[in-house]
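Here is the structure we will look at.
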Amino acid sequence: MLDELKKEWAEVVEKETGIPAEEVFSYFEKPKKEEMGDVALPCFKLAKQIKEDVKNFAERLKNTFSTVPFISSAEVVGGYLNLRIERASFTQKLLKKVLEEGENYGSSKEGDGKTVLIDFSSPNIAKPFGVGHLRSTVLGAALGRILQFLGYKVIGINYLGDWGAQVAKMMVAYQKWFDKSDKEKDTIKKLYELYVRFHKEEEENPHLAQEADKVLKSLEECEKKSLELWREFIEISMAEFRRIYEILGVDFDEFAGESMCDEKGAPRCIERMDSVIKELAEKRLLTEGEGGALIVEFDQKEKIPPLMMRKSDGTTLYATREVAVALERWRKYKFDRMLYVVGVPQKLHFQQVFRLFEMAGYPFAGRCEHIAFGHYLGMSTRRGTMVLLEEVLNELIEKARKVIEEKNPELLKVEDPNKVAKDVAVGALIFNDLKNERIKDVVYDEERFLSFDGETGPYLQYAHTRLCGILRKWGKSLPREFDAKLLSSDEEWRLVMNLSEFSRTVKNAAEHREPSRIANYLIECASNLNLFYQRHRVLCEENNLTNARISLVAALRIVLAKGLELLGIKPLERM
RNA sequence: GCGGUUGUAGCUCAGUCCGGAUAGAGCGUCUGCCUCCGGAGCAGAAGGUCGCAGGUUCGAAUCCUGCCAGCCGCACCA
């Protein structure tokens with residue numbers, strides 16, 4: 001809503017000076033200090049443009065603005081025009097809007113009719129689900145929810161790494177060493193042990209690698225027995241992944257692996273890739289490289305190294321599959337955008353593949369984006385020092401349980417503390433992941449992970465429970481009318497300003513594919529919130545004041561809950 | 001070597017896209033605050049050559065150039 005006001009003001013400036021409103025709009029900013037006002041317009045550039053003295057210019061605008069609605073005062077400081085919003089009327093209008101729109105406040109229709117595919121999480125079947133996989137999962141899921149909130153039709157695809165040499169290796173290990181007798185027990189850990197064991201023994205025993213090669217070959221030749229084993233192995237791994245997704249609250253519309261299985265579970269990747277190679281050859285995009293490998297060469301000016309599509313031994317690669325899969329997705333969905341939520345090390349790979357899409361003249365070229373993110377540092381799958389996600393989760397849940405017991409022993413009378421502990425733990429984990437810019441590497445630091453103080457998920461959830469607590473105590477439906485004039489304190493005004501910034505924040509997060517913007521926004525809200533009820537009572541003797549404040553509280557709860565949901569964090573009633 | 005990316009307080013990071021006022025949080029340290037809607041909270045203190053050097057500008061953490069450091073990538077892995 002603040003943006004709408006700014007737009008109106010920009011038009012006022014346009015009328016006065018002739019400078020396009022759009023340009024003026026972009027100059028508006030938040031003053032450094034609260035005392036300066038609510039919105040500032042630096043006049044330096046504007047004045048220069050029409051060759052007027054900055055001070056005259058600002059003064060002239062100041063006079064104009066003194067009669068504009070929703071503005072209570074205008075002031076010139078230095079080269080700035082500082083505007084103060086008429087608090088009561090703005091607050092009245094905003095709160096009414098939030099309460100009326102409820103769940104939908106901040107949503108939009110900008111994405112109506114548009115389909116976005118999000119390829120995320122995409123674990124390799126042959127590797128255990130570590131903390132590192134968390135990033136793609138959490139980031140992709142959050143982006144999906146954010147885009148959906150803005151009206152896009154979102155299709156989440158889990159592109160499983162269910163084919164290739166890695167999988168074959170694990171199949172060998174599985175066949176040799178997996179103990180099927182106690183199926184229920186710690187499957188994920190056992191699979192992880194297989195993984196570590198295989199890579200260790202492989203070094204001393206080259207036999208194993210050969211065996212794996214054989215398995216892969218038999219798979220690619222669709223040998224029945226191998227395929228059966230393959231399916232069994234996939235099923236076992238998938239069951240583990242599903243459990244983790246369940247805990248994290250993540251859903252996919254499609255589990256589609258590299259194998260490109262059909263409904264009956266028969267892999268079609270081989271034929272698909274053959275046709276890709278044929279098609280690219282017809283388009284004269286392939287050249288022969290060393291040893292007869294087929295490669296795609298790019299324009300020298302672009303400085304992109306060549307991309308291999310077929311090895312000299314005739315087998316295909318990751319990139320080949322990428323093309324085949326993209327074509328398949330296009331046939332199926334005719335998407336407007338496709339987001340690949342994959343780590344930053346694959347940047348070049350996507351640069352090459354996307355460029356190839358263009359060269360091949362595919363209709364979806366230019367609609368694809370690599371949503372890169374930094375990695376967790378200090379972990380390696382091969383050496384076995386990897387931190388298993390489930391272990392971290394269990395530790396977090398245990399910690400949450402303890403904190404609950406200590407701080408809110410009454411909880412078990414009304415809720416299941418185990419469930420709450422889980423939601424708190426997941427909230428902590430997700431927030432810790434999403435609060436930073438996605439490109440940044442994350443150092444795995446157990447202590448930080450386990451902290452519930454300060455800028456953390458539980459801090460936000462806590463702020464939400466306090467709002468719920470007040471609303472619970474109030475116990476009635478919201479007052480139909482309230483007098484926003486009574487919300488006169490700076491603390492309340494700050495909150496109103498926060499509320500007004502929600503839709504812009506969501507939009508911004510979506511545009512930049514950066515959920516961290518929402519995370520930071522929520523921290524600001526929660527911190528202002530805590531300050532507010534440190535200093536003011538909501539439920540007090542004066543009925544009118546109570547009515548006004550409870551309306552503010554209700555509006556804040558809506559926004560906080562929605563923001564948390566968008567990130568994938570449960571807004572709790574109690575904790 | 002080439003390409004990319006990051007560098008802001010002891011630590012973890014906002015702010016950089018789109019240049020504006022005295023550079024902001026959290027953690028940790030120190031000091032206060034529960035007769036009161038939940039203290040997982042709040043207030044205050046201490047802590048900064050915004051990697052370095054130039055340039056553009058009325059104005060640079062932000063834009064440009066160069067350099068330094070870390071990380072990532074650069075044909076038969078995915």
Side-chain angles (χ1 to χ4, degrees), chain A residues 26-27 29 31-33 36 40 42-45 48 54 77-80 82 122 124 126-127 161 163-166 258 289-296 303-313 315-319 321-322 342-349 351-352 372 374-375 377 400 403-404 406-408 410 424 432 435-437 439-443 445 447-448 451-456 458-463 465-474 508 511-512 516-517 519-520 523-524 526-527 529-540 546 549-550 553 574-575:
Chain A
S26 71
Y27 290 141
E29 60 185 42
K32 209 106 209 151
K33 288 265 155 70
M36 298 178 192
C43 296
F44 311 94
K45 269 190 195 146
K48 199 173 183 181
V54 177
V77 183
Y80 293 87
N82 289 337
S122 307
N124 195 321
K127 288 183 189 172
W163 202 254
Q166 291 290 327
E258 286 179 56
E290 278 168 43
L294 294 179
I295 58 172
V296 178
K303 290 192 172 177
I304 304 176
L307 175 66
M308 183 174 285
M309 294 303 287
R310 199 172 76 183
K311 296 189 260 182
S312 48
D313 68 0
T315 56
T316 55
L317 299 106
Y318 184 48
R321 251 155 279 168
E322 203 81 84
V342 181
V344 71
Q346 316 240 25
K347 195 162 181 170
L348 177 60
H349 163 79
Q351 207 183 342
Q352 291 171 319
H375 268 93
L377 299 177
V403 176
I404 289 169
E406 179 199 324
K407 309 219 175 198
N408 191 7
E410 301 286 294
V424 171
N432 184 71
K435 72 176 169 186
N436 294 339
E437 223 182 330
I439 198 72
K440 295 242 162 79
D441 285 336
V442 177
V443 179
D445 178 346
E447 219 172 291
R448 216 176 288 279
S451 162
F452 291 172
D453 300 324
E455 295 174 348
T456 65
Y459 172 90
L460 294 177
Q461 287 172 312
Y462 180 69
T465 60
R466 288 182 78 177
L467 291 173
C468 289
I470 294 172
L471 288 164
R472 228 178 1 251
K473 189 164 178 193
W474 164 257
N508 186 281
E511 258 167 42
H512 291 88
S516 63
R517 308 274 162 105
N520 286 312
I523 284 292
E524 204 189 315
S527 138
L529 204 51
N530 284 326
L531 179 57
F532 163 66
Y533 37 49
Q534 190 80 17
R535 296 195 178 160
H536 305 282
R537 268 195 79 78
V538 176
L539 308 173
C540 55
T546 300
R549 285 191 174 152
I550 200 77
V553 162
R574 301 171 216 255
M575 63 192 269

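None of these values were measured; they are calculated from a predicted model. Just so it is clear: chains get the letters A, B, ... in the order the sequence lines come, proteins before strands, and each one is counted from 1.
With rounding to whole Å, A:Asn432 atom CG is found 17 Å from B:rG26 atom P. Residue A:Ile523 contributes atom CD1, which lies 10 Å from atom P of B:rG41 at whole-angstrom precision. Atom-to-atom, CD of A:Gln352 to C1' of B:rA78 comes out at 13 Å; the value is rounded to the nearest Å. At whole-Å resolution of the value, CG in A:Asn520 and P in B:rU16 are 11 Å apart. Nucleotide B:rC37 holds its P atom 14 Å from the CZ atom of A:Arg472, rounded to whole Å. Put simply, CG on A:Leu531 is 14 Å from P on B:rG41, counting in whole angstrom units.
At the phosphate of B:rC37, neither OP1 nor OP2 sits under 4.0 Å from any side-chain N or O atom of A:Lys473. Put simply, A:Tyr459 has no side-chain N or O that comes within less than 4.0 Å of OP1 or OP2 on B:rG39. Phosphate contact (OP1/OP2 of B:rC2, side-chain N/O of A:Lys303, threshold under 4.0 Å): absent. Phosphate contact (OP1/OP2 of B:rA78, side-chain N/O of A:Tyr318, threshold under 4.0 Å): absent. A sub-4.0 Å separation between OP1 or OP2 of B:rC27 and a side-chain N or O of A:Arg448 is absent. At the phosphate of B:rG19, OP1 or OP2 sits under 4.0 Å from a side-chain N or O atom of A:Lys45. Look at A:Lys407 and you'll find a side-chain N or O under 4.0 angstrom from OP1 or OP2 of B:rA40.
Side-chain contact of A:Asn530 with A:Tyr459: a donor-acceptor pair under 3.5 Å is present, judged by distance alone. Residues A:Thr315 and A:Asp313 bring a donor and an acceptor atom of their side chains to less than 3.5 Å of each other.
Proximity of a side-chain donor or acceptor of A:Thr546 to a complementary backbone N or O of A:Leu539 within less than 3.5 Å is not detected. Side chain of A:Asp441 to main chain of A:Gly374: no donor-acceptor pair is present (N/O by atom type, distance under 3.5 Å, no hydrogens or angles). The closest donor-acceptor contact from the side chain of A:Gln351 to the backbone of A:Ile304 lies at 3.5 Å or more, if one exists at all.
Under the Watson-Crick or G-U wobble criterion, with both distances below 3.5 Å, B:rU57 has no partner in any strand shown.
One donor-acceptor pair, N or O on each side, does fall under 3.5 Å between the base of B:rC17 and the side chain of A:His512. Side-chain atoms of A:Ser26 stay outside donor-acceptor range of the base of B:rC18, with no qualifying N/O pair under 3.5 Å. Side-chain atoms of A:Asn530 and base atoms of B:rA43 include no donor and acceptor less than 3.5 Å apart.
A residue-by-residue look at A:Tyr533 and A:Asn436 shows that A:Asn436 has its nearest nucleotide of RNA chain B further toward the 5' end. Mapping A:Lys33 and A:Leu348 onto RNA chain B by nearest heavy atom places A:Lys33 at the nucleotide closer to the 5' end.
Residue A:Glu455 has its side chain nearest to B:rA25 when only B:rC42, B:rC76, B:rA25 are considered.
Residue contacts shown for A:Phe452 include a base, since a base heavy atom lies under 4.0 Å away.
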